[in-house]
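These notes are about the structure you will find just below.
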Amino acid sequence: VQLQASGGGLVQPGGSLRLSCAASGFTLDDYAVAWFRQAPGKVPEGVLCIKSSGGSAYYADSVRSRATISRDNAKNTVYLQLDSLKPEDTAVYYCAAQIDAWIRAGNWNLRRYYNKWGQGTLVTVSS
């Protein structure tokens with residue numbers, strides 16, 4: 001039972017990146033999936049979260065107009081598309097999952113509510 005985050009790398013400012021979070025050993029159908037990130041020297045930050053139905057999502061203000069989260073339950077994968085990347089987006093990005101009923105508007109960005117975590121993928125935004 002695990003989550004595998006991938007897709008990180010070096011991107012120039014203004015560029016785009018798509019991160020993937022693939023589940024194995026369980027199906028994501030009943031899970032809300034979130035992306036967190038931790039920049040060097042900073043506390044982890046909830047970036048965005050998608051509910052199991054795919055119909056609702058929560059976004060951090062820092063990425064609201066630049067991020068898209070989507071899910072393909074057939075592939076058991078959630079995607080994070082981040083556009084207009086800035087140097088301050090540089091961080092290790094983690095995906096996390098929890099049974100959908102546990103995740104709501106008031107707690108989606110709190111790490112303690114998630115019980116499944118991926119290993120993280122590094123995104124570096126630099127020219």
Side-chain angles (χ1 to χ4, degrees):
V1 175
Q2 66 175 359
L3 294 173
Q4 181 78 31
S6 62
L10 175 63
V11 185
Q12 291 190 341
S16 298
L17 206 61
R18 189 175 83 155
L19 306 180
S20 299
C21 176
S24 60
F26 72 106
T27 61
L28 287 174
D29 293 25
D30 297 324
Y31 285 78
V33 178
W35 285 93
F36 289 79
R37 66 184 180 185
Q38 186 167 19
K42 295 189 176 181
V43 298
E45 173 192 23
V47 180
L48 67 176
C49 172
I50 188 167
K51 298 284 279 177
S52 62
S53 66
S56 298
Y58 308 113
Y59 296 81
D61 289 341
S62 58
V63 301
R64 186 175 300 276
S65 61
R66 304 184 292 120
T68 304
I69 189 168
S70 61
R71 63 192 301 153
D72 185 340
N73 285 349
K75 294 183 178 180
N76 220 21
T77 301
V78 170
Y79 303 99
L80 166 62
Q81 174 81 25
L82 199 53
D83 301 318
S84 302
L85 283 161
K86 307 173 182 180
E88 50 264 43
D89 292 318
T90 295
V92 177
Y93 285 72
Y94 301 88
C95 58
Q98 178 53 283
I99 291 294
D100 187 84
W102 286 95
I103 302 300
R104 301 175 183 176
N107 67 7
W108 73 267
N109 59 343
L110 301 178
R111 290 178 294 157
R112 65 180 183 272
Y113 282 88
Y114 295 87
N115 64 350
K116 300 186 190 302
W117 289 86
Q119 84 290 0
T121 184
L122 176 62
V123 173
T124 303
V125 184
S126 175
S127 56

CG of D61 to CD of E45, rounded to nearest 0.5 Å, is 9.5 Å

Heavy-atom closest pair (T27 atom, Y31 atom, distance to 0.1 Å) is O-CD1, 3.3 Å

For L3, run the side chain to side chain contact (heavy atoms under 4.5 Å, CB included) check against V78, L28, V33 and tell me which one passes. L28

For the pair K51 (side chain) and I103 (backbone), establish whether a donor and an acceptor sit closer than 3.5 Å, ignoring hydrogens and angles. yes

How long is the gap from OG on S56 to CD1 on I69, to the nearest 0.5 Å? 12.0 Å

A cation-pi test, strictly: NZ or CZ of K116 under 6.0 Å from the centre of the six-membered ring of F26 and no more than 45 degrees from its axis. Yes or no? yes

Might you confirm whether atom CZ of R66 has over 12 heavy atoms from other residues, nucleotides or ligands at distances under 6.0 Å? yes

Would you give the length of the straight line joining atom CG of L80 to atom OG1 of T121, rounded to the nearest 0.5 angstrom? 10.5 Å

Do the side chains of S126 and L10 get nearer than 4.5 Å, heavy atoms only? yes

Could you tell me the separation between the NZ atom of K86 and the OG atom of S84, rounded to the nearest 0.5 Å? 8.0 Å

When the ring planes of W117 and F36 are compared, do they come out parallel, tilted or perpendicular, using 30° and 60° as the limits? tilted

Side chain N76, main chain G25, donor-acceptor under 3.5 Å: no

Side chain proximity check, R37 to V63, heavy atoms < 4.5 angstrom: yes

